[in-house]
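The block underneath contains the structure these notes are about, expressed in C-alpha cells.
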Amino acid sequence: MATLAGKVAVVTGASRGIGAAVARALDEQGVRLGLASRSGDDLGIDGAVAQPCDVRDADQVEALVAATVEHFGRLDIAVANAGVGAYASFLELDPDDVEEMIDVNVKGLLYTVRAALPHLIESGEGDLVTIASEAGRRGFPRETVYCASKFAQVGFTRALDHELRDVGVRCSNVCPGGVATDFAIGHGRTPDTPELDGMMTPDDVAETVLFVLTRPRNHRILETAFRPMSEPSWG
Ligand code: NAP
C-alpha cells in the first residue's frame, strides 16, 4: 500500500456528504488539501486552502487550484466530486435542474481536470478520481439526465486514461450506488425516502477512494462499482 502522507489534493464538493468524508479521510492520511465548494467551508481542517468555488465557473476552479498549488507547491491528486441530481420522469424534470446537472456534473468535471491536469502531470505520480455513480454505468428510470451526466463523466475519465497513462497520471472512476447524504433532497428524494435507511455512508465511499489512491504505482484502478445490499441489481 502506497503512503499518501505529504501529497497535495484538491477535492471539489468538499463541504458536505461524500466530498467532506473524502477530505477528512485524506487529512487523516497526512494529505494537504485544497477544498472547493460554493460555501468555501474548510471543514475545520488545519492548514487547508478553502475558498468559495462554483465548479460551473472555470475561472473560480482555476483560482482554487492555483491557490492550492501556490500554498503547497504542488498538486498530486484531484478528486472531482461536486455533483447534483434530480429525480423525475424526463418531461417532469425542472428545466433548471436539467441545466444544473449538466453544468455541474459535466462541465464542472472538465473545468476541474483542465485546471488540475498540468500539475498532476508535473507531479509525476498524479491521480484523478472522478466520483461518478452506478448511474454512469446503467440507465435508471427517473434519472435520465442524471444518468446522461454520469455516463459523460465515466466516458471522459476512461478516455483520459489513454492519454495520461504514459505520463504517470492514473484516472479512476468511483461509481457508488445509493449513499445517504443531502443529495437530491428536494429534487426527487425527501429526508424520509425509505431507501435512505439502507444506503451506504459517505465514509464507505471515502474508504474506496483511499483504496484507489493507495494502490502501488505499477497499476491503476479504472473503475470501482459498489452498491448497498438493499439495492437490487437492475440492468
Ligand atoms: P451532497 O451531500 O449534496 O454534497 C454535494 C457537494 O457538492 C456539496 O459539498 C456542495 O457544496 C457541492 N456542490 C454542489 N454544487 C456545486 C457547485 N456548483 N460548485 C461546487 N460545489 C458544488 O451530495 P453527495 O451525495 O455527497 O454527492 C457527491 C457526488 O457523489 C456527486 O457527484 C454525486 O453525483 C455522487 N454520487 C452520489 C450518490 C448518492 O446517492 N448520494 C451516489 C453516487 C454518486 P456547496 O453547496 O457548498 O457548493
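Order of listing sets the numbers, starting from 1, for every ligand and every atom in it. Numbers here simply count residues along the sequence, with the first being 1.
Proximity to Cys53 (heavy-atom distance under 4.0 Å) selects the following atoms of ligand 1: 19 (N), 20 (C). Against a heavy-atom cut-off of under 4.0 Å, Ser39 is close to the following atoms of ligand 1: 47 (O). Contact atoms of ligand 1 toward Ala82: 7 (O), 21 (N), 22 (C), 32 (O) (distance under 4.0 Å to a heavy atom of the residue). Close approach of ligand 1 to Asp54 (heavy-atom distance below 4.0 Å) involves ligand atoms 17 (C), 18 (N), 19 (N). Contact atoms of ligand 1 toward Asn81: 28 (C), 29 (C), 30 (O), 31 (C), 32 (O) (distance under 4.0 Å to a heavy atom of the residue). Applying the 4.0 Å criterion to heavy atoms of Gly178 picks out, from ligand 1, the atoms 40 (O). Using a 4.0 Å cut-off to heavy atoms of Val104, the atoms of ligand 1 that qualify are 18 (N). The contact set between ligand 1 and Ser15, taken as ligand atoms under 4.0 Å from a residue heavy atom, comprises 8 (C), 9 (O), 10 (C), 11 (O), 45 (P), 47 (O).
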Checklist entry - Going through the distances and angles, do Asp192 and Thr190 end up as a side-chain hydrogen bond (donor to acceptor under 3.5 Å, both in side chains)? => result CA-CA 5 Å; Asp192 55 1; Thr190 59; 2.5 Å; yes
Item to check | Pair Ile77-Val8, side-chain contact (heavy atoms from CB on, under 4.5 Å): steps then yes or no | outcome: CA-CA 6 Å; Ile77 299 165; Val8 179; over 6 Å; no
Checklist entry - Given the rule in the side-chain contact (heavy atoms from CB on, under 4.5 Å) test, do Arg56 and Lys107 qualify, once you have shown the distances and angles that lead to the verdict? => result CA-CA 6 Å; Arg56 293 171 291 188; Lys107 290 186 187 170; over 6 Å; no
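Looking at Phe183, Phe226, Tyr111, it is Phe183 that brings a heavy atom closest to atom 27 (O) of ligand 1. Taking all heavy atoms of Ile18, Asp103, Val179 into account, the minimum distance to atom 30 (O) of ligand 1 is reached by Ile18. Relative to atom 44 (C) of ligand 1, the option among Gly83, Ala80, Ala132 with the closest non-hydrogen atom is Ala132.
Looking at heavy atoms from C-beta onward, Leu43 lies in side-chain contact with Arg24 at the 4.5 angstrom threshold. When side chains are defined from C-beta on, Val79 does not count as touching Thr12, because their heavy atoms never get closer than 4.5 Å. Two residues are said to be in side-chain contact when any heavy atoms from C-beta on lie closer than 4.5 Å; Thr181 and Arg16 fail this criterion. Taking 4.5 Å as the limit, some side-chain heavy atom of Val212 sits within range of a side-chain heavy atom of Val174.
Both Phe90 and Ile102 are assigned to one and the same hydrophobic cluster, defined by single-linkage of ILVMFWY side chains at heavy-atom distances under 4.5 Å. When the side chains of ILVMFWY residues are joined at heavy-atom separations under 4.5 Å, either directly or via intervening members, Leu128 and Leu110 end up in a single hydrophobic cluster.
Residues Leu26 and Ala9 approach most closely at CD1-CB, 4.0 Å, considering heavy atoms. What you find for Arg32 and Gly6 is that their closest heavy atoms are NH2-O, 2.6 Å.
Among all protein heavy atoms, the one lying closest to atom 19 (N) of ligand 1 is Val55 N, 3.0 Å. Looking at atom 4 (O) of ligand 1, its nearest protein heavy atom turns out to be Arg16 NH1, 3.9 Å. Among all non-hydrogen protein atoms, the one lying nearest atom 25 (O) of ligand 1 is Thr181 OG1, 2.6 Å. The nearest protein atom to atom 34 (O) of ligand 1, hydrogens excluded, is given as Tyr146 OH, 2.6 Å; this is a heavy-atom distance. In terms of protein heavy atoms, atom 16 (C) of ligand 1 is closest to Arg38 NE, 3.5 Å.
In this structure, Gly177 counts as a contact residue of ligand 1, since one of its heavy atoms falls inside 4.0 Å of the ligand. Proximity of Thr12 to ligand 1 is not established, as no heavy-atom distance is less than 4.0 Å. Look at Pro176 and you'll find a heavy atom under 4.0 Å from some atom of ligand 1. Ligand 1 lies within reach of Lys150, whose nearest heavy atom is under 4.0 Å from it. Not a single heavy atom of Met101 sits less than 4.0 Å from an atom of ligand 1.
Taking the centre and axis of the six-membered ring of Phe211, the NZ or CZ atom of Arg215 falls inside the cone set by 45° and 6.0 Å.
Donor-acceptor pairing under 3.5 Å is lacking for the side chains of Ser15 and Asp41.
Residue Ser133 has no N or O atom closer than 3.5 Å to an N or O atom of ligand 1. Considering backbone and side-chain atoms alike, Val84 places every N or O at 3.5 Å or more from each N or O of ligand 1. In terms of polar-atom proximity, defined here as any N/O pair under 3.5 Å, Gly13 does make such a contact with ligand 1.
Of all the heavy atoms of Gln60, none lies under 4.0 Å from any atom of ligand 1, so neither backbone nor side chain is involved.
Annotation: the span from Ile18 atom CD1 to Phe183 atom CZ amounts to 8.0 Å, rounded to 0.5 Å.
Salt-bridge check for Arg138 with Glu134: passed, with a basic side-chain N closer than 4.0 Å to an acidic carboxylate O.
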